[in-house]
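Since the structure comes first, as structure tokens, the remarks are kept for the end.
Side chains are part of it too, since the values below use all heavy atoms of this structure and drop only hydrogens, waters and symmetry mates. All chains are named by letter (A, B, ...) in the order of the sequence lines, taking the proteins before the strands, and each is independently numbered beginning at 1.
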Amino acid sequence: MVVLAASIISKSGKAIVSRQFVDMSRIRIEGYLAAFPKLVGTGKQHTYVETENVRYVYQPIESLYLLLVTNKQSNILEDLETLRLLSKLVPEYSYTLDEEGIGNTAFEILFAFDEVISLGHRENVTVAQVKQYCEMESHEEKLHKLVLQSKINETKDVMKRKASEIDKSKIEKNRGEKGGFMSLQSMGSGRIDTGFGSDTSISSNSGGFGSGSVFGLSTDLEPQSSNSKGRPPASASAPPKGLGMKLGKMQRTNQFLESLKAEGEVIVEDVRPSIGQSKPVAPPPSDPVTLTVEEKLNVTLKQDGGLGSFDLQGTLSLQILNQDDGLIQVQVETGGNPGILFKTHPNVNKELFSGENILGLKDPNRPFPTGDGVSLLKWRMQSADESFVPLSINCWPSVSGNETYVNLEYEVPPMFDLQNVVISIPVLALREPPRVQQIDGEWRYDSRKSILEWTIVLIDNSNRSGSMEFVIPAVDTSELFPISVCFTSTSTFSDLKVVNVLPLKGGNPPKYSQRTLLSTENYQVV
Amino acid sequence: MEKSCSLLVHFDKGASALANEIKEALESNDVPAKIEAMKKAIMLLLNGETLPQLFITIVRYVLPCDDHTVQKLLLFYLEIIEKTDVKGRVLPEMILICQNLRNNLQHPNEYIRGVTLRFLCRLNEVEIFEPLIPSILSNLEHRHPYVRRNAILAIMSIYKLPQGEQHLVDAPETIEKVLMSEQDPSAKRNAFLMLFNCAQDRAINYLLTNVDRVSDWGELLQMVVLELIRKVCRTNKAEKGKYIKIIISLLNAPSTAVIYECAGTLVSLSSAPTAIRAAANTYCQLLMSQSDNNVKLIVLDRLNELKTSHRDIMVDMIMDVLRALSSPNLDIQRKALDIVLELITPRNVNEVVLILKKEVMKTQGGDLEKGVEYRQMLIQAIHSCAIKFPEVASTVVHLLMDFLGDSNVASAMDVIVFVREIIETSAKLRVSIVSRLLDTFYQIRAARVFSCALWIIGEYCLSLSETESGIATIQQCLGDLPFFSISEENEVTDDSKKKSQQASSITVSSKRPAILADGTYATQSAASETVFSPPTVVQGSLSTRNLRSLLLTGDFFLGAVVACTLTKLILRLEEVQSSKIEVNRASSKTLLIMVSMLQLGQSSVLPHPIDNDSYDRISLCIKLLCNTDDGIREIWLKSCHESFVKMLSDKQWHEMLEIKAKTQISHSQPDDLIDFYHLKSRKGMSIVEIEDEVQDDLKRATGEFVKDTNDTNKLNRILQLTGFSDPVYAEAYVTVHQYDIVLDVTVMNRTKETLQNLCLELATMGDLKLVERPQNYTLAPESSKQIKANIKVSSTETGVIFGNIVYETSNVLERNVIVLNDIHIDIMDYISPAVCSEAAFRTMWAEFEWENKVAVNTAIQDEKEFLDHIITSTNMKCLAAPSALEGKCGFLAANLYAKSVFGEDALVNVSIEKQADGKLGGYIRIRSKTQGIALSLGDKITLKQKGSS
């Protein structure tokens with residue numbers, strides 16, 4: 001009971017319009033259509049032709065054929081009904097029933113065909129209904145448009161009103177500048193009364209007494225700024241007290257959002273970016289002095305176990321919040337790793353560092369700059385020694401039949417504890433996610449990138465080694481590489497530690513915090 | 001699997017637009033211009049362009065447009081663009097359209113929603129519709145049924161996708177709920193269809209809970225119900241008891257389509273006589289009630305199927321089938337008669353013949369256009385009835401003999417041949433048939449009928465009275481002697497002038513040489529073949545003088561037959577007549593007739609004189625009558641009859657053989673494999689699908705289902721395209737499907753360099769067309785690649801595919817070309833042996849314009865062997881009866897016939913003669929409607945006829 005295609009073809013078998021309702025290749029449908037005119041006999045009083053595979057039910061329209069291609073089990077009565085309907089529809093859309101006319105209105109005819117047959121099944125429709133469906137006149141859409149239009153008009157009205165209000169207020173402001181402090185009062189509007197204590201309202205009520213009210217404002221500013229540190233700025237629970245334009249504006253956007261919400265708009269306020277790769281984002285520094293030791297690893301491991309390359313880059317950076325705390329020196333302690341060479345910033349006193357492991361500026365009177373981190377020290381390590389590798393991976397793919405079994409094993413030497421380990425194995429685009437048979441940790445399959453990710457949150461003494469096994473359809477085993485790994489760790493190769501921060505001007509050493517992070521930049525098994 | 005193609009629009013290359021023109025139009029704000037541009041873009045895409053740069057333009061300028069037509073065209077555009085990359089991953093930019101689709105699904109206009117949902121039915125990419133699923137689901141509750149029904153279909157097609165059920169886990173449940181509450185018949189059907197396809201248990205459940213209401217459901221839904229029942233019962237035969245009741249209730253449905261489907265379902269479910277009878281009854285009702293010829297024909301096909309499987313039940317339906325004869329359509333009548341003829345039993349034969357007789361009478365009365373042909377069909381039908389059941393012959397033979405004088409030679413011929421056979425097989429009818437034949441003899445009009453009738457008279461007039469009246473009848477028909485005299489010469493000359501004019505006018509009208517049944521060109525006068533017009537111009541102008549007038553037109557072959565018949569009768573008369581005087585008198589009269597015929601033949605009044613053959617035969621008869629001896633008498637009176645009996649028995653024997661062969665074919669061989677459905681595995685198909693014949697049928701139609709062909713066959717067709725030492729080695733295997741050829745080309749890089757932009761360029765000669773443009777590939781060192789090329793075939797003709805491989809190496813920026821071996825596509829793949837009647841062969845032979853004449857030039861010495869060789873090498877069917885080809889007489893003529901898959905006919909006539917030096921000589925003529933077949937077949941034969949290899 002399936003119509004394969006509805007077509008209009010010329011007597012020579014050229015398809016002018018054809019709509020297929022089931023999946024079939026182009027060559028196939030063209031073949032069927034081209035063969036048709038040869039199969040039609042002349043002088044026959046019936047209008048169907050059967051071949052080995054299909055049945056054609058047709059109807060001549062002037063010099064063309066309108067035809068349905070169906071399978072042989074199809075219900076002839078239904079097909080004839082469909083054909084009859086289609087033959088009534090074609091002249092509705094095409095004024096001249098010749099090749100050109102049909103060609104010009106091909107798409108309209110296709111639209112109509114679509115309404116009559118869906119997925120090969122006949123729909124119970126009449127010519128009038130098809131016409132209605134194709135015209136797409138929708139009452140609801142009109143209604144919707146009307147509503148939209150009225151909303152627009154309404155908003156325009158509101159806009160006009162607001163504009164005139166603003167104009168009015170401008171005029172009043174101008175007037176106020178001439179006549180004392182009137183404007184401020186009008187700007188503050190009613191909220192001043194509620195937010196302020198009674199005494200400020202008195203002061204503002206005192207009208208012409210300009211300086212007094214200014215003073216009041218400036219005294220208010222102190223606690224406000226101290227407050228704002230602890231409190232998130234978005235909290236609208238305590239309406240900020242008439243503090244000039246800046247905060248007022250914030251208020252207004254908030255109000256806008258609120259009103260939008262009330263009108264039913266969905267507004268996502270929490271637009272925090274989702275944490276993708278498990279890269280810890282350092283919380284903003286809260287201590288006056290922050291020292292960060294960061295090491296980045298570029299490692300290439302060979303598939304068969306050897307070390308391709310090992311490259312470590314480290315930095316020590318200093319971040320100072322306050323200018324006042326800039327005059328300091330930093331005393332560090334290195335782990336004494338012989339493979340590491342340190343390089344100091346050109347402005348740093350080299351002798352001091354090589355002698356006493358103290359980092360200070362050449363000019364002791366100059367403070368360290370504030371703001372973003374300044375790197376004081378850089379180091380590099382390259383090695384061919386496999387024992388340095390913090391995480392080694394063993395991958396054993398084996399093909400059996402039309403499947404590949406992949407066994408993966410990781411090993412971490414005792415000196416490192418690794419966090420957020422993600423091992424990404426490229427598998428070819430698969431229709432189904434790989435079958436994971438055994439795993440230490442978790443896995444997920446990213447179908448878009450065709451990557452299988454093996455995640456282990458923490459590797460410490462409890463799980464120095466682990467393994468995973470999964471099955472995928474047979475692939476060339478080289479396709480499974482490069483496997484890339486990323487992880488973080490708090491122990492570093494240099495073992496650099498900040499021992500102390502020494503103020504140059506004497507006094508208490510400023511509070512400092514220290515962060516140490518080893519992360520991978522490019523860690524691959526190829 | 002090839003990419004599927006969902007729409008075709010004819011594209012006129014002359015009106016092609018440039019991509020940037022389209023782009024400009026799309027960017028404009030003018031809606032009609034946009035529509036035009038979209039149409040052009042779609043047509044370009046369908047034509048094989050890729051237009052990648054257009055996508056972004058469309059996303060930017062067309063997506064936001066809110067014109068409905070633009071939106072619908074946009075959906076077409078999205079339907080046909082390539083949405084995945086080479087590896088099958090969805091292109092990232094496709095995500096851009098998701099938002100638009102989502103908006104469309106929430107559009108206030110229900111039709112926009114509907115068409116968008118319908119578009120989603122054709123979408124295969126999970127990534128695109130994934131974000132849309134909530135919107136689709138929400139559309140299930142839309143107010144308008146148009147939206148709902150399309151939403152259901154969209155859900156169904158998503159659910160059916162490989163990973164679809166993961167995205168729509170509870171879809172069956174949802175749809176079931178929808179089905180419960182749905183009122184719109186179309187949406188209800190779709191919902192049921194969805195359950196049927198995706199959660200059959202639920203569909204069955206719903207059906208069984210609503211059994212009582214099935215007959216009130218809409219037509220569309222009922223159809224799906226029937227489909228479901230069929231499917232369920234196929235997989236689970238035990239269940240069918242539950243459903244038979246439903247089917248029976250649906251047999252009374254108001255919609256004929258449902259009734260038809262019911263009957264089909266019944267037949268497929270059960271072989272119980274009641275069920276079959278009900279189905280057959282239903283079909284017969286449809287046959288009566290439907291006026292559409294197509295329906296009648298297909299219903300007759302169904303009945304025919306029933307006939308082969310359940311003959312005993314169909315026998316009872318024979319009268320109902322016969323009623324279809326009332327239709328004026330010849331095809332219907334023919335099919336009905338075919339069915340009826342095979343259902344005749346001794347019990348019903350009388351009734352059937354009665355009706356057939358009535359029908360024959362009807363054809364006499366009305367001057368129907370097709371009456372003649374129909375009558376012929378009826379006569380043949382009666383003929384075969386009478387042969388099967390000789391007892392009815394007596395009732396029909398006299399009726400049929402009325403048609404001896406029929407103006408249609410063919411039906412008259414049928415009748416006389418029939419009479420000839422009956423008179424031999426049923427001896428007791430002989431007397432009555434002979435007297436009847438002598439009575440109607442004068443009505444006969446055609447020469448061939450005359451010859452046959454004369455032969456019957458000569459052979460079966462046994463008694464004295466019969467013999468005498470036989471001689472008298474013939475003499476009467478010949479009229480007064482002599483045929484012309486000197487005194488009458490002037491008059492006769494006038495007459496014969498008129499005659500000759502007429503004769504020549506007839507010969508002009510049929511200019512083409514006639515072909516004899518064995519395929520040789522006829523040498524007899526063409527005039528005698530044609531129907532003779534009423535003989536008003538001949539002297540006496542009596543209608544009793546047909547025979548005479550035929551002779552006067554110069555048909556001396558007939559004259560010879562008359563002479564032989566008379567001789568035979570005289571010889572018999574000698575046996576049965578005691579009075580010698582009577583015999584002598586008759587004998588002398590006869591001699592006079594023969595002599596007059598010879599005289600006529602040698603006179604100058606006729607345009608052409610008597611031919612030697614007839615002359616010899618007539619003079620032989622004269623000699624015989626003057627000088628009889630027993631040996632000759634024996635030959636004339638006995639051997640002749642014996643050989644006829646032998647011919648009849650031979651014919652019957654052959655028919656028997658054919659029937660036996662037929663019955664043997666239907667049985668399976670003892671060592672045949674038995675397929676266990678459940679153990680059968682086919683790649684990528686679930687068991688249910690394998691069992692579903694409807695699905696198979698559909699798959700075959702869409703070309704998805706490839707028959708498991710023998711792999712060794714495949715290997716036989718491998719063609720080497722380049723040399724082993726070429727930088728690129730290529731070989732192909734050619735698969736010839738019905739209307740297309742697929743080349744699977746394996747390309748191998750034999751160098752140590754990477755080959756870039758490697759391209760397989762093909763070109764064709766003949767009626768072949770490349771479907772796709774060639775693509776460029778990069779081939780790593782020593783690696784290989786499979787390239788597929790599709791070629792469309794549009795007529796039967798030998799074609800050649802040739803081409804080359806073009807590539808660039810990395811360091812030299814020049815194109816290298818390797819020319820490929822030619823691939824010859826053989827015409828033999830497209831023709832298959834077929835059978836057609838002799839008459840049809842002759843009409844086609846006369847009609848077809850292209851003839852290719854190939855002179856025989858072969859090493860084969862034996863005629864038969866040569867013919868067999870030609871038959872096997874051309875894949876044709878020999879139409880000549882095997883007995884006609886037996887024996888060594890030094891010459892052979894046969895017709896061969898074949899049909900191409902495109903329905904074209906190929907005719908071949910072989911006429912060969914053994915020459916004095918032992919070699920074969922002669923011609924093979926090929927005729928066809930188109931030049932291609934004639935030429936290609938001719939080439940093939942020229943190539944193959946040398947033979948023996």
Quick one: what part of [X] sits under 4.5 Å from any heavy atom of chain A, side chain, backbone, both or neither?
{"X": "Val299(B)", "answer": "neither"}
{"X": "Glu219(B)", "answer": "side chain"}
{"X": "Ile35(B)", "answer": "neither"}
{"X": "Leu297(B)", "answer": "both"}
{"X": "Asn150(B)", "answer": "neither"}
{"X": "Ile112(B)", "answer": "both"}

If we only count heavy atoms from C-beta on, is the [X] to [Y] side-chain gap below 4.5 Å?
{"X": "Arg302(B)", "Y": "Ile76(A)", "result": "no"}
{"X": "Leu220(B)", "Y": "Glu78(A)", "result": "yes"}
{"X": "His121(A)", "Y": "Met223(B)", "result": "no"}
{"X": "Met156(B)", "Y": "Leu119(A)", "result": "yes"}
{"X": "Arg84(A)", "Y": "Asp292(B)", "result": "yes"}

Let's test your reading of the structure: which of [options] forms the most heavy-atom pairs below 4.5 Å with chain A?
{"options": "Val258(B), Thr69(B), Leu73(B)", "result": "Leu73(B)"}
{"options": "Lys39(B), Gln290(B), His107(B), Arg143(B)", "result": "Lys39(B)"}
{"options": "Asn293(B), Leu193(B), Leu8(B)", "result": "Leu8(B)"}

In Å, rounded to the nearest 0.5 Å, how long is the span from [atom1] of [X] to [atom2] of [Y]?
{"X": "Lys72(B)", "Y": "Cys134(A)", "atom1": "NZ", "atom2": "SG", "answer": "4.5 Å"}
{"X": "Phe76(B)", "Y": "Asp114(A)", "atom1": "CZ", "atom2": "CG", "answer": "5.0 Å"}
{"X": "Asn75(A)", "Y": "Ser255(B)", "atom1": "CG", "atom2": "OG", "answer": "8.0 Å"}

- Checking Asn294(B) side chain against Thr47(A) main chain: does a donor-acceptor pair fall under 3.5 Å?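 Here the side-chain-to-backbone pair exists.
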- Message: Using only atom types and a distance under 3.5 Å, with no angle test, would you say the side chain of Arg26(A) pairs donor to acceptor with the backbone of Leu46(B)?
- Response: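 Yes, Arg26(A) side chain to Leu46(B) backbone: donor-acceptor pair under 3.5 Å.
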Just give me the residue among [options] that pairs up with chain B most often, heavy atom to heavy atom, under 4.5 Å.
{"options": "Glu30(A), Glu50(A), Lys145(A)", "answer": "Glu30(A)"}
{"options": "Ser10(A), Ala15(A), Ala106(A)", "answer": "Ala15(A)"}
{"options": "Gln129(A), Glu99(A), Glu115(A), His139(A)", "answer": "Glu115(A)"}
{"options": "Glu108(A), Met136(A), His144(A)", "answer": "Met136(A)"}

- Residues Arg19(A) and Glu79(B) bridged, charged N to O under 4.0 Å: yes
- Item | Arg113(B) and Glu140(A) ion-paired at < 4.0 Å |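 Salt bridge between Arg113(B) and Glu140(A), a charged N being under 4.0 Å from a carboxylate O: no.
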- Item | Atom group of Val125(A) that falls short of 4.5 Å from chain B, counting heavy atoms |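 Looking at Val125(A), just its side chain touches chain B.
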- Query: Is chain B contacted by the side chain of Leu80(A), its backbone, both, or neither, given a heavy-atom distance below 4.5 Å?
  - Reply: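 Contact with chain B is through the side chain of Leu80(A) alone.
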- Message: Can you tell me how the ring of Tyr133(A) sits relative to the ring of His144(B), calling it parallel under 30°, perpendicular over 60° and tilted otherwise?
- Response: perpendicular
- When you check the side-chain N and O atoms of Tyr111(B) and Glu135(A), is any donor under 3.5 Å from an acceptor? no
- Item | Evaluation steps, side chain to side chain donor-acceptor pair (under 3.5 Å), between His68(B) and Glu137(A) | CA-CA 9 Å; His68(B) 300 154; Glu137(A) 283 301 327; 5.9 Å; no
